Amino acid sequence: MNARERVEAALRRIREANPKYNCFTEVTEERALREAAEVDAKRARGEKLGPLAGVPYAVKNLYDVEGVVTLAGSKINRDHPPAKRDAFVVRQLRSAGAVLVGACNMEEYAYGFTTENFHYGPTRNPRDPTRTAGGSSGGSAAAVAADLVPISLGSDTNGSIRVPASLCGIFGVKPTFGRLSRQGVFPFVPSLDHAGPFARTTADLAACYDAMQGPDAEDRACRQRPADPVSPALGRGIDDLRISLATGANYDELLSAEAKHALDSAAHSLGVKAKCELPEFARARAAALLITFAEASSLQLANLRKRPGDYDPATRDRFLAGALLPAEWMVFAHRFRAWYRDAWREVFKKADVVIAAATAFCAQPLGQDTIRMDGREVPLRSAYGLFTAPLSFLGVPIVTVPIRPSGRLPLGIQVIAAPWREDHAFRVAAYLERAGATSV
Amino acid sequence: MSDGEKYVQAAAAAVDLPIPEQYFKATVANFERSAALAKQLMDFPLPVDVHPAPNYEP
């Protein structure tokens, strides 16, 4: 199949399935056909093709796409001019030969875990369209889970790649903070924002992640390091890796039967019995959320003053409250982040990889407000991120792996590695895939 | 007026952020949720030599 045929097939699938799942807010058909033609022309000339030549992909609609308005899930951003150039990682993927077919639905300004967007409608989970696809990168995850595209890009501040990957039953990676450039990615919480891809296989996930890498001085948080590809490491096995299962307060007691099954199944496949204590999991989440509230609101302050009625009702009141937090809470939260990093350095002296559930439970029905956890009824939207927010706050690389479920609905685990050791997390994910422990 | 309501009203005035009446109650509820998280965090005995790690580079 040449690039044009492959891309036309993806566009056809999108036309057929998007009304059912609401993954896309923009389909870039003209650009896709042009990029596919460029790949085919290169092939015809006998030129060397990139590793993603002719592979169709989609991006969360907070990535800049030249000529397209970067919505970031909002009504307010519709008033922005179209982006003048592609985001850095979109340029990287284009250089690798990938073909952009569109931009995907998300929570307004990436602020939430369910993609029940007031302005653009809810994205539905391809495993069960009555349920959430997760969020905030719900459209990107659902587009991959529904087989509309083999890879897509999301972003993760407190879990927005890992939560939808878990609920949709696909792979996703949140790399080390500072690994991938966020230039041209509409900011939510710059202290915590990460870019990253989704895929249905570890090979595709690794190929996309590898192509996205590279130093970029325009994102001041992006470390100026050369690309460190993980694809060559996928088949290396796990014999030399010390793997532990996470345990601790504010984690163990919140795991559902489905989450316990996923962890048991992964531990069995990996032959893991060792456990490691999660340090200060609840306080890390509290600090992550306080930084999120204040920093996100600061970026929105001008519009909160001028046009509060144009926000999604699910985000507006959080933005308003976040603009009012005392400075002392922020300073303390940032100081706690430094303490937490040091605490995890001790964990990584004893383990190369730590396994934890990505979500405490499977996807719940759209519109549901609360869920029962540890004998209490708690707000559902924030509960999806209970196990992810402390770890993006930490900034370490994590691959979400869809473990073969005990029931009908998927649930993922987090494969957590030390900073800059994405290769360790990918090797464990690939091992689980080869062992038949995953299901996509 | 509750302490949370008084704080939201005063802080909103201090940062010049008008809060329309129809959003006031939910804003207070969100602030109180943040305050509960802060209480949980601020209990931690953080040593004075632990500093934030900003990426500011002059």
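It should be emphasised that the depicted structure is a prediction, and the values quoted were computed from it without experimental measurement. Keep in mind that the numbers below use all heavy atoms, side chains included, and drop hydrogens, waters and symmetry copies.
Contact of A:A333 with chain B is made through backbone and side chain together, with heavy-atom distances under 4.5 Å. With a threshold of 4.5 angstrom between heavy atoms, A:L320 approaches chain B through its backbone and through its side chain. Within the 4.5 angstrom heavy-atom criterion, atoms from both the backbone and the side chain of A:R318 approach chain B. Contacts between B:L41 and chain A at a heavy-atom distance below 4.5 Å involve backbone atoms as well as side-chain atoms. If you measure heavy-atom distances from B:F24 to chain A, you find no contacts under 4.5 Å at all.
Between chain B and the options A:L289, A:L304, A:L325, heavy-atom pairs under 4.5 Å are most frequent for A:L325. Ranking B:A36, B:A35, B:P18 against chain A, the residue ahead of the rest is B:A35, based on heavy-atom pairs under 4.5 Å.
Using modelled atom types, no side-chain atom of B:Y23 and backbone atom of A:P313 make a donor-acceptor pair closer than 3.5 Å. Side-chain atoms of A:R335 never come within 3.5 Å of backbone atoms of B:H51 as a donor-acceptor pair (strictly under, hydrogens ignored).
For B:E21, the CD atom is loosely surrounded, since the number of other residues' heavy atoms within 6.0 Å does not exceed 12. Atom CZ of A:F118 has 12 or fewer neighbouring heavy atoms from other residues, nucleotides or ligands inside a 6.0 Å radius.
Of all the heavy atoms in B:D43 and A:R283, the pair that sits closest is CB-NH2, 3.5 Å.
Ring pair A:W329/B:F31 is parallel by interplanar angle, where below 30° counts as parallel and above 60° as perpendicular.
Screening residues 282-303 of chain A for ring pair (Phe, Tyr, Trp, His ring centres under 6.0 Å), with sequence neighbours left out, gives no hits.
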